[in-house]
There are 2 protein chains.
Amino acid sequence: MDKRKFKNDVYGELAKVTKALANPHRMEIIDLLAQGPYPVEAIASHTGMTIANTSQHLQSMKSARLVQDTRHGNFIHYHLTSEKVFNAWRSIRELGIHSNAEVERLMQDYRRGHHSMEPISTDQLLKKLASNEVVVLDVRPEEEYQRGHIHKALSIPIDQLNMRIHDLSETKEIIAYCRGPLCVFADEAVELLRGKGFNANRMEEGFPDWAAMGLPVDTIHSKI
Amino acid sequence: MDKRKFKNDVYGELAKVTKALANPHRMEIIDLLAQGPYPVEAIASHTGMTIANTSQHLQSMKSARLVQDTRHGNFIHYHLTSEKVFNAWRSIRELGIHSNAEVERLMQDYRRGHHSMEPISTDQLLKKLASNEVVVLDVRPEEEYQRGHIHKALSIPIDQLNMRIHDLSETKEIIAYCRGPLCVFADEAVELLRGKGFNANRMEEGFPDWAAMGLPVDTIHSKI
DNA sequence: TTATTATTCAATAAATCTATTGAATACTTG
DNA sequence: CAAGTATTCAATAGATTTATTGAATAATAA
């Protein structure tokens with residue numbers, strides 16, 4: 001009866017892949033790499049980890065084939081191995097966000113402290129886009145906007161928003177988006193904009209979700 | 001900057017959920033519970049674990065809200081909390097089966113030892129069903145068939161197949177299916193049937209996948 | 001070549017996970 | 001109520017995971 005051995009082996013391998021995903025830091029890394037490739041130092045500073053610790057986590061994800069690396073001169077850039085990795089992370093995130101009371105509470109509490117508005121969905125944004133009465137605002141770093149953004153979106157990275165606020169229409173509704181539902185750039189943008197009297201809200205999902213759903217995307221050829 | 005705390009908390013909670021999934025035994029339990037509720041003893045005997053160990057794993061899945069329990073007299077039946085749990089497991093399984101070389105090798109090796117045929121997909125079965133030249137064979141336990149099965153499928157549990165083999169047409173193609181791609185009942189059925197000269201193959205996915213895709217399903221009202 | 005930069009490795013300690021054992025609990029039946 | 005059954009709990013030891021530290025690599029620049 002090597003049926004038992006077969007099952008132990010296969011479920012064992014699948015558990016290894018899942019364990020490589022099952023860590024708060026590594027999940028945050030996946031959310032970042034869903035925007036495109038980044039070198040170790042950038043990943044470390046974004047997640048608030050030390051370089052050595054980040055490297056160690058990247059190594060464990062690499063040996064589980066969740067990520068791959070390519071060298072560019074001195075830098076080693078990491079990227080997700082396939083869109084299947086992002087899809088798996090997405091469905092886990094979905095499970096957590098929409099059926100785990102603790103996660104729901106954390107997210108609502110955080111938003112209540114900032115702008116206390118229900119975010120809109122990709123579907124809702126798609127409808128608003130057709131009406132032309134809305135400005136879609138990408139508040140991620142410029143580099144990520146260039147690699148790909150929602151069709152017709154305007155780019156103002158969150159740390160330039162206060163300076164460049166007069167680029168924005170005061171009459172149209174503004175929908176900000178960023179890296180994903182756990183990214184707070186869009187929340188910060190909404191808080192700032194509403195404080196100045198704009199009619200602003202955030203989209204719940206991020207750019208990678210929009211792209212994964214096959215919705216319209218624009219790209220600016222980047223130097224990297 | 002409680003932005004960092006927010007992220008640590010949310011990713012931390014999501015990691016807990018994922019860790020509750022990231023174990024070979026617990027994955028096998030999810031595959032079983034995707035067929036419907038089962039008491040602890042049945043889960044233990046199916047997975048070859050001790051009762052105490054099974055109970056401990058079920059408790060950890062329960063506290064991560066992957067499963068829930070309901071008491072029926074002396075027995076406590078466990079079931080998946082929502083179809084989101086199955087979907088998350090499915091997309092991880094997908095990632096493993098289709099982009100992990102080791103898992104691919106294990107599955108091919110196992111099948112080569114049995115019937116050495118590429119399984120057919122749900123799509124392919126759907127097309128064949130229309131032609132009426134195919135018999136769909138459910139080889140799971142009777143109880144699971146009664147809770148729900150592929151439209152028009154015939155039920156012969158794998159351990160009765162040798163006895164009841166004359167119920168089957170020798171001219172039509174026979175497509176066997178079972179609990180999922182990691183379940184071997186259908187492989188055993190194909191091996192037995194081909195040994196007796198039948199034209200048989202297995203469907204890659206299992207009943208829960210078929211149902212999750214919204215494909216046609218029949219149910220027999222069960223006593224439970 | 002040497003110095004510099006980005007990343008990885010190795011060693012360690014604390015924390016967590018797992019299987020096993022046997023005792024404890026909770027419900028049902030007589 | 002007592003006896004029986006199904007499940008959980010508690011304690012333990014071995015294995016695995018994690019963050020930290022400082023040293024080691026590998027490519028580039030001077």
Contacts of Ala22(A) and Val40(B) projected onto DNA chain D by closest heavy atom; the upstream (5') one is Val40(B)

Are the side chains of Val190(A) and Arg111(A) in touch, meaning some heavy atoms are under 4.5 Å apart?
-> no

Compare the minimum distances between each of [options] and the side chain of [X], then state the nucleotide with the smallest one.
X	options	value
Ser55(B)	dC9(C), dT18(D), dT7(D)	dT7(D)
Gln59(A)	dT20(D), dC9(C), dT20(C)	dC9(C)
Ala52(A)	dC9(C), dT8(D), dT18(D)	dC9(C)
Tyr78(A)	dT8(D), dT8(C), dT20(C)	dT8(C)
Phe75(B)	dA6(C), dT7(C), dT7(D)	dT7(D)
Asn23(A)	dT7(C), dT18(D), dA19(C)	dT18(D)

Value in whole Å for how far the [atom2] atom of [N] lies from [atom1] of [X]:
X	N	atom1	atom2	result
His57(A)	dT20(D)	NE2	P	9 Å
Met61(B)	dT18(C)	CE	P	12 Å
Asn74(B)	dG4(D)	CG	P	14 Å
His25(A)	dT16(C)	NE2	P	13 Å
Ile43(A)	dT8(C)	CD1	C1'	14 Å
Lys16(B)	dT18(D)	NZ	P	15 Å
His77(B)	dA6(D)	NE2	P	11 Å
Ile51(A)	dT20(D)	CD1	P	13 Å

Taking for each residue the nucleotide of DNA chain C with the nearest heavy atom, is it Asp69(A) or Lys19(A) whose nucleotide lies nearer the 5' end?
-> Asp69(A)

Please tell me which of Glu41(A) and Asn53(B) maps to the more 5' nucleotide of DNA chain C, matching each residue to the nucleotide holding its nearest heavy atom.
-> Glu41(A)

What is the nucleic acid contact for Gln56(B), judged by heavy atoms within less than 4.0 Å: base, sugar-phosphate only, or nothing?
-> base

Looking at Tyr38(A), is Arg147(A) sitting on its ring face, NZ or CZ under 6.0 Å from the six-membered ring centre and within 45 degrees of the normal?
-> yes

Just checking, is any N or O donor in the side chain of Asp31(A) or Tyr11(B) under 3.5 Å from an acceptor N or O on the other one?
-> yes

Considering just the side-chain nitrogens and oxygens of Arg71(A), establish if one lies under 4.0 Å of OP1 or OP2 belonging to dT28(D).
-> no

Between Asn100(A) and the options Leu66(B), Leu14(B), Val17(B), the side-chain contact (heavy atoms from CB on, under 4.5 Å) test singles out Val17(B)

Would you call the rings of Tyr145(A) and His149(A) parallel, tilted or perpendicular, where under 30° means parallel and over 60° means perpendicular?
-> parallel

